[in-house]
Asks: 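Got a structure for you, questions after.
The chain is numbered in sequence order, starting from 1.
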Amino acid sequence: MEKRQIRENTFLKGIVDGIPICLGYLSVAFAFGIFSVSNGLTSIEALLISMTNVTSAGQLAAVPIMISSGTLFELALSQFVINLRYALMSVSLSQRLDSSVNLADRFLIAFVNTDEVFAVASSKQEVGRSYMFGLILTPYLGWSLGTIIGAVAGSVLPALVISALGVAIYGMFIAIVVPVAKEDKNVLLCVIIAVALSCAFRFIPLMSKVPTGFVIIICSVIASTIAAILHPIESDTQEKADEI
């Protein structure tokens, strides 16, 4: 007896496609929950951050700024720089949305348009409203659930265990960056510049007085700008011209 196929572009299909993303987010969000509580936030505060942001890098950058009583401008600017890529991804994804997706729907979809959701949706020729709502629902629930589990665990586990688990979030970023940096010298250059600048802001007396949020912004902008200038990515048009 043949298994019943789930029809494409339906809410149920979106949920099914979002389950692997949801499972991946559970572990990352758990680490964020631990990180937040260990830095002085409450479980509810950590959960609210995840439910209203859905951005791992942005949230991790925001916590130290909030803990150090940084300004709202500092917080907003750091989030703008770190999360700018989501605006670009949303513009790209909008080209694949069918006529069933209205303006209000686009705002909701953009809210949970993470790297993984974008990758799955972009693999489709055309996606509709029901499918996209299903696709963003499971990752959103996974991100929120993982955060509260990690935050609660961070509130009850011994300090030694919390300290060990807190390293997991840094291990996650190392696992993301190192493989790409090993394969692409341009990424490696960007990483080296960012690390060097970060160390300078940490250990040079005058530079160490710069607020955490601005350090993140400065390191990100300078490292990416230098890498872009030294090793610009050629457009398809330029590549075709070079081939001719």
Side-chain angles (χ1 to χ4, degrees), residues 14-70 72 74-76 78-79 81-83 85-86 108 110-120 133-180 191 194-195 198 202 211-213 215-216 219-220:
I15 288 180
V16 171
D17 288 350
I19 289 176
I21 304 176
C22 169
L23 296 177
Y25 282 179
L26 279 171
S27 58
V28 179
F30 179 87
F32 171 74
I34 292 283
F35 176 79
S36 299
V37 171
S38 65
N39 277 276
L41 296 182
T42 66
S43 299
I44 297 301
E45 288 170 340
L47 177 61
L48 288 175
I49 291 173
S50 282
M51 293 183 70
T52 55
N53 287 272
V54 199
T55 163
S56 57
Q59 291 177 208
L60 287 168
V63 170
I65 297 175
M66 290 187 287
I67 296 302
S68 61
S69 300
L72 290 176
E74 182 182 347
L75 182 62
S78 66
Q79 295 305 299
V81 172
I82 293 171
N83 297 320
R85 72 185 190 280
Y86 291 127
L108 289 174
F111 175 61
V112 196
N113 184 26
T114 62
D115 302 75
E116 295 77 14
V117 168
F118 171 74
V120 172
F133 281 170
L135 182 62
I136 65 176
L137 177 62
T138 35
Y140 182 73
L141 294 177
W143 186 249
S144 302
L145 181 61
T147 298
I148 192 61
I149 293 175
V152 171
S155 302
V156 298
L157 292 176
L160 182 62
V161 177
I162 298 303
S163 178
L165 290 174
V167 178
I169 199 72
Y170 301 103
M172 178 198 73
F173 280 107
I174 291 173
I176 292 173
V177 173
V178 170
V180 181
V191 170
V195 170
S198 182
R202 175 68 176 176
T212 303
V215 170
I216 296 172
C219 291
S220 301

Asks: Do Phe111 and Ile136 have side chains that approach each other closer than 4.5 Å (heavy atoms only, starting at C-beta)?
Replies: no
Asks: When you compare the side chains of Ser36 and Glu45, does any donor N or O come within less than 3.5 Å of an acceptor on the partner?
Replies: no
Asks: Does the side chain of Ile49 come within less than 4.5 Å of Leu41's, by heavy atoms?
Replies: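 Heavy-atom side-chain distance check passes, below 4.5 Å.
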Asks: If I compare all heavy atoms of Ser144 with all of Leu47, which pair ends up nearest, and what's the gap?
Replies: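 For Ser144 versus Leu47, the nearest heavy atoms are O-CD1, 3.5 Å.
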Asks: Any idea which heavy atoms bring Trp143 and Ser56 closest together, and the distance?
Replies: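 The answer is CH2-CB, 3.6 Å.
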Asks: At what distance, to the nearest 0.5 angstrom, does CG of Leu137 lie from CG of Leu108?
Replies: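 The CG atom of Leu108 is 12.0 Å from CG of Leu137, to the nearest 0.5 Å.
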Asks: Roughly how far apart are Leu135 CG and Ile15 CD1, rounded to 0.5 Å?
Replies: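 Leu135 atom CG to Ile15 atom CD1 measures 10.0 Å (nearest 0.5 Å).
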Asks: Run the numbers on Ile149 and Phe30 for side chain to side chain contact (heavy atoms under 4.5 Å, CB included), then give the verdict.
Replies: CA-CA 6 Å; Ile149 293 175; Phe30 179 87; 3.8 Å; yes
Asks: Could you give the distance from OG1 (Thr55) to CG (Asp115), rounded to the nearest 0.5 Å?
Replies: 8.5 Å
Asks: Please report the closest heavy-atom contact between Val81 and Ser220, naming both atoms and the distance.
Replies: CG1-CB, 4.1 Å
Asks: Nearest 0.5 angstrom please: Cys22 SG to Glu116 CD, how far?
Replies: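 Answer rounded to 0.5 Å: 12.0 Å.
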Asks: What heavy-atom pair brings Gln59 and Ser50 nearest, and what distance separates the two atoms?
Replies: NE2-OG, 3.1 Å
Asks: Ignoring hydrogens, what is the shortest heavy-atom contact between Thr138 and Ile19? Give both atom names and the distance.
Replies: OG1-N, 3.8 Å
Asks: Does the side chain of Tyr25 come within less than 4.5 Å of Thr114's, by heavy atoms?
Replies: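 The answer is yes, as the side chains (C-beta and beyond) meet within the 4.5 Å cut-off.
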Asks: Counting C-beta onward and ignoring hydrogens, is there a side-chain heavy-atom pair between Leu145 and Leu26 closer than 4.5 Å?
Replies: yes
Asks: Heavy-atom distance under 4.5 Å between the side chains of Phe118 and Arg85, does that happen here?
Replies: no
Asks: Is there side-chain contact between Thr147 and Met51, with heavy atoms separated by less than 4.5 Å?
Replies: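 The answer is no; the side chains never approach within 4.5 Å.
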Asks: Closest approach of Leu60 and Pro64, non-hydrogen atoms and distance?
Replies: O-CD, 2.9 Å
